[in-house]
Amino acid sequence: MTLDEIDLTDNLIWQDEFSHNGVAQAQERSLTGGMIIQSGVKQFGQAVTLTGWLQRATVDALVAKESADLAAMALTLDDAREFSVVFDRARGVAVEATPIKEHTHISQQPDAWYTATLRLLTVEPPQ
């Protein structure tokens, strides 16, 4: 799994992959009391929440990218599916990580492991 040039290894899962409703629907009553229902297929905007374990060096790279990059990124999953995504800052912290071992000298090492959550949002691929 990769996010642009950052290797996310195979330690993350797409937590909310099947929590997405692919159809938008609006309902309202007309003046006569009838129900008006409008529906349409959503093209983009699916939440992609990746959770699992990452090493400190990878977390550092993701935090740097999140604080500097506003452009769409290429997300390639382990099964070769590809999505254009942006960091989803509307759902909170886009890159969240907590050290597994809470010892300062261990958690500062580039190979220290962290539990991580990445909050992304699918967008239209750049033209």
Side-chain angles (χ1 to χ4, degrees):
M1 181 181 302
T2 60
L3 181 63
D4 275 352
E5 72 286 348
I6 300 173
D7 182 8
L8 301 178
T9 66
D10 57 355
N11 296 313
L12 297 176
I13 60 166
W14 185 354
Q15 179 183 12
D16 51 1
E17 180 176 4
F18 299 106
S19 299
H20 175 70
N21 187 345
V23 175
Q25 186 179 78
Q27 302 175 6
E28 64 180 282
R29 293 274 176 197
S30 71
L31 294 175
T32 63
M35 178 64 78
I36 299 172
I37 300 173
Q38 296 180 1
S39 300
V41 175
K42 295 179 186 176
Q43 300 297 315
F44 304 101
Q46 181 174 1
V48 178
T49 307
L50 303 175
T51 60
W53 300 270
L54 294 173
Q55 289 186 320
R56 170 72 187 237
T58 305
V59 171
D60 287 341
L62 288 165
V63 168
K65 186 167 195 62
E66 188 273 334
S67 59
D69 202 347
L70 301 176
M73 302 166 288
L75 173 66
T76 304
L77 301 179
D78 291 332
D79 61 6
R81 289 183 291 162
E82 296 180 357
F83 299 91
S84 287
V85 296
V86 294
F87 288 109
D88 189 354
R89 295 170 177 91
R91 290 191 294 142
V93 178
V95 179
E96 186 175 352
T98 305
I100 292 176
K101 293 186 179 181
E102 296 185 7
H103 298 289
T104 304
H105 69 284
I106 294 174
S107 64
Q108 299 299 317
Q109 301 298 318
D111 61 347
W113 287 95
Y114 282 67
T115 58
T117 300
L118 304 180
R119 292 177 183 90
L120 307 169
L121 186 66
T122 61
V123 294
E124 184 175 8
Q127 299 300 324

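Nothing here was measured: the structure is a model prediction, and the numbers come from that model.
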Student: Could you state the interatomic distance from CD (Glu96) to OG1 (Thr98), rounded to the nearest 0.5 Å?
Tutor: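 If I round to the nearest 0.5 Å, the distance is 6.0 Å.
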Student: Closest approach of Ala47 and Trp14, non-hydrogen atoms and distance?
Tutor: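 In this case the closest contact between Ala47 and Trp14 is O-NE1, 3.4 Å.
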Student: Checking side-chain contact (heavy atoms from CB on, under 4.5 Å) for the pair Asp88/Val48: CA distance, chi angles, key distance, verdict?
Tutor: CA-CA 9 Å; Asp88 189 354; Val48 178; over 6 Å; no
Student: Rounded to the nearest 0.5 Å, what separation is found between the CH2 atom of Trp53 and the CD1 atom of Ile13?
Tutor: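 Nearest 0.5 Å value for the CH2-CD1 distance: 8.0 Å.
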Student: Does Trp113 share a hydrophobic cluster with Val95, counting links as ILVMFWY side-chain heavy atoms below 4.5 Å and allowing steps through other members?
Tutor: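 No, Trp113 and Val95 fall in different hydrophobic clusters.
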Student: Could you give me the CA-CA distance, side-chain angles and deciding distance for Asp111 and Arg56, then say whether salt bridge (Lys or Arg N to Asp or Glu O under 4.0 Å) is met?
Tutor: CA-CA 6 Å; Asp111 61 347; Arg56 170 72 187 237; over 6 Å; no
Student: According to salt bridge (Lys or Arg N to Asp or Glu O under 4.0 Å), who are the partners of Arg81, at least two apart in sequence or on a separate chain?
Tutor: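 Partners of Arg81 by the salt bridge (Lys or Arg N to Asp or Glu O under 4.0 Å) criterion, ordered by chain and then number, come out as Glu17, Asp79.
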Student: Is the closest side-chain donor-acceptor distance between Asp16 and Thr49 under 3.5 Å?
Tutor: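 There is such a pair between these side chains.
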Student: Can you find a heavy atom in the side chain of Tyr114 that is under 4.5 Å from one in the side chain of Gln55?
Tutor: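 No - every pair of side-chain heavy atoms lies 4.5 Å or more apart.
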Student: How far does CG of Leu75 sit from CG of Leu50, to the nearest 0.5 angstrom?
Tutor: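 Nearest 0.5 Å value for the CG-CG distance: 6.0 Å.
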Student: Test side-chain contact (heavy atoms from CB on, under 4.5 Å) on Met35 and Gln27; report intermediate values, then the result.
Tutor: CA-CA 7 Å; Met35 178 64 78; Gln27 302 175 6; 3.9 Å; yes
Student: Could you grab the distance from atom CG of Leu54 to atom CG of Leu118, nearest 0.5 Å is fine?
Tutor: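 Taking CG in Leu54 and CG in Leu118, the distance rounds to 6.0 Å.
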Student: Using the side-chain contact (heavy atoms from CB on, under 4.5 Å) definition, which of the options Ile6, Leu12, Asp7 pairs with Met1?
Tutor: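 That would be Leu12.
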Student: Taking Thr76 for its side chain and Ala80 for its backbone only, find out whether a donor-acceptor pair lies under 3.5 Å.
Tutor: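 Here the side-chain-to-backbone pair does not exist.
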Student: Going by salt bridge (Lys or Arg N to Asp or Glu O under 4.0 Å), name the residues that satisfy it together with Arg89, two or more places apart in sequence or in a different chain.
Tutor: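 Arg89 satisfies salt bridge (Lys or Arg N to Asp or Glu O under 4.0 Å) with Glu66 once adjacent residues are dropped.
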Student: Could you please spell out the steps behind the side-chain contact (heavy atoms from CB on, under 4.5 Å) verdict for Phe87 and Leu3?
Tutor: CA-CA 11 Å; Phe87 288 109; Leu3 181 63; 4.2 Å; yes
Student: How many angstroms lie between OG1 in Thr117 and CD in Gln15, if you round to the nearest 0.5 Å?
Tutor: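 Reported value, rounded in 0.5 Å steps: 7.0 Å.
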Student: To check you understand the geometry: which heavy-atom pair defines the closest contact between Arg91 and Leu120, and what is its length?
Tutor: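 Looking at all heavy atoms of both residues, the shortest contact is NH2-O, 3.3 Å.
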Student: For Leu121 and Gly45, work out which heavy atoms get closest and say how close.
Tutor: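 Distance-wise, the nearest heavy atoms are CD1-O, 3.1 Å.
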Student: Which heavy atom of Lys42 sits nearest to which heavy atom of Asn21, and what is that distance?
Tutor: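 Where Lys42 meets Asn21 most closely, the heavy atoms are NZ-O, 3.1 Å.
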Student: Should the heavy atoms of other residues, nucleotides or ligands under 6.0 Å from CD of Gln38 be counted, would the total exceed 12?
Tutor: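 No, because the 6.0 Å sphere around CD of Gln38 holds 12 heavy atoms or fewer from other groups.
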Student: Between Thr115 and Thr51, is the side-chain contact (heavy atoms from CB on, under 4.5 Å) condition met? List the steps.
Tutor: CA-CA 8 Å; Thr115 58; Thr51 60; over 6 Å; no
Student: Between Leu70 and Val86, what is the shortest heavy-atom contact and its length?
Tutor: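 The answer is O-CG1, 4.4 Å.
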